[in-house]
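Values below: every heavy atom of this structure, side chains too, minus hydrogens, waters and symmetry copies.
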Amino acid sequence: MENGAVYSPTTEEDPGPARGPRSGLAAYFFLDRLPRPRRVLKGLQLLLSLLAFICEEVVSQCTLCGGLYFFEFVSCSAFLLSLLILIVYCTPFYERVDTTKVKSSDFYITLGTGCVFLLASIIFVSTHDRTSAEIAAIVFGFLASFMFLLDFAIMLYEKRQESQLRKPENTTRAEALTEPLNA
């Protein structure tokens, strides 16, 4: 008896990384983990922070450069952090880490980035030389910071909704625990 005759009925060919109709690189991206409004906000955060960084990089001269350098650092950091969060949400890496930690990290990163980006935009407004590239960078900076803060507000609202749904369970248990045992 040959080895091929023994193993052929039970052995299947390895299908590879393709899952269903999706194959290749598209099989590794899942956009459905974020609701559509949050996906749009994440995309806008990425795009606007990149545009703010590019417009800031076009500036060739400055008189008070501290605000420009701070804005450069913040806009580049915001772009990279939003790209990182988007990659984590849209790839299989999301399943390998604790999802509550990803959501918590996203919550605090979005809050911190929005506040610091808003601060950097305000500082850059007070120190810019009124060139068109600087004005465009400032506009994109304010828009990006508002997108980060809006995303944070949506996450905060969702967290409060989750805690409100869990609250009735906790109140019934708390009432049962406060009753006297000999009643």
Quick one: which residue pairs count as a salt bridge (charged side-chain N to carboxylate O under 4.0 Å, His left out) with a foot in residues 144-157, not counting sequence neighbours?
Arg38-Asp151, Lys42-Asp151
Give the intermediate values and the outcome of side chain to side chain contact (heavy atoms under 4.5 Å, CB included) for residues Leu149 and Cys115.
CA-CA 7 Å; Leu149 294 174; Cys115 291; 4.2 Å; yes
Nearest 0.5 Å, please: how far is NZ in Lys103 from CD in Glu158?
8.0 Å
Which atoms form the tightest heavy-atom contact between Ser145 and Gly114, and what is the distance?
CB-O, 3.7 Å
Atom pair CG/CZ of Leu118 and Phe148 - distance to nearest 0.5 Å:
12.0 Å
How long is the span from the CG atom in Leu143 to the OG atom in Ser49, to the nearest 0.5 Å?
11.5 Å
May I ask you to test the Phe117-Phe71 pair for a side-chain heavy-atom distance under 4.5 Å?
yes
Is there a continuous path of hydrophobic side-chain contacts, each under 4.5 Å between heavy atoms, that joins Ile154 to Ile85?
no
Are Phe107 and Val102 connected in the hydrophobic side-chain network, where two residues link if heavy atoms are under 4.5 Å apart?
no
Around atom CD of Gln161, are there more than 12 heavy atoms of other residues, nucleotides or ligands at under 6.0 Å?
yes
Return the minimal non-hydrogen interatomic distance between Gly67 and Ile123, and the atom names on each side.
CA-CG2, 3.8 Å
Shortest non-hydrogen separation from Ser121 to Gly141 and the atoms involved
OG-C, 3.3 Å
What is the distance from atom CG of Leu68 to atom CD of Glu57, rounded to the nearest 0.5 Å?
8.0 Å
Main chain of Glu72, side chain of Ser75: is a donor-acceptor contact present, judged purely on distance under 3.5 Å?
yes
Could you tell me whether the side chains of Asp98 and Thr100 share a donor-acceptor contact shorter than 3.5 Å?
yes
Please check: side-chain N/O of Thr113 versus main-chain N/O of Thr110, any donor-acceptor pairing under 3.5 Å?
no
Only one of Phe93, Tyr89, Tyr94 passes side-chain contact (heavy atoms from CB on, under 4.5 Å) with Thr91; say which it is.
Phe93
Let me confirm one number: the CG-CG distance from Leu34 to Leu86, rounded to the nearest 0.5 Å.
7.5 Å
Apply the test salt bridge (charged side-chain N to carboxylate O under 4.0 Å, His left out) to residues Arg130 and Glu134: give CA-CA distance (whole Å), side-chain angles for both, the deciding distance (0.1 Å), then the verdict.
CA-CA 6 Å; Arg130 292 175 176 57; Glu134 289 174 321; over 6 Å; no
Separation of Ile87 CD1 from Leu80 CG (nearest 0.5 Å):
9.5 Å
Can you give me the closest heavy-atom contact between Arg33 and Cys90, atom names plus distance?
NH1-C, 3.9 Å
Applying a strict under-4.5 Å side-chain criterion to I, L, V, M, F, W and Y, I'd like to know whether Val116 and Phe146 cluster together.
yes
Joint hydrophobic cluster, Val125 plus Phe73, side-chain heavy atoms closer than 4.5 Å
yes
Any donor-acceptor pair under 3.5 Å linking the side chain of Asp129 with the backbone of Thr63?
yes
Do Ile135 and Val59 share a hydrophobic cluster, counting only Ile, Leu, Val, Met, Phe, Trp and Tyr and linking them when any side-chain heavy atoms are less than 4.5 Å apart?
no
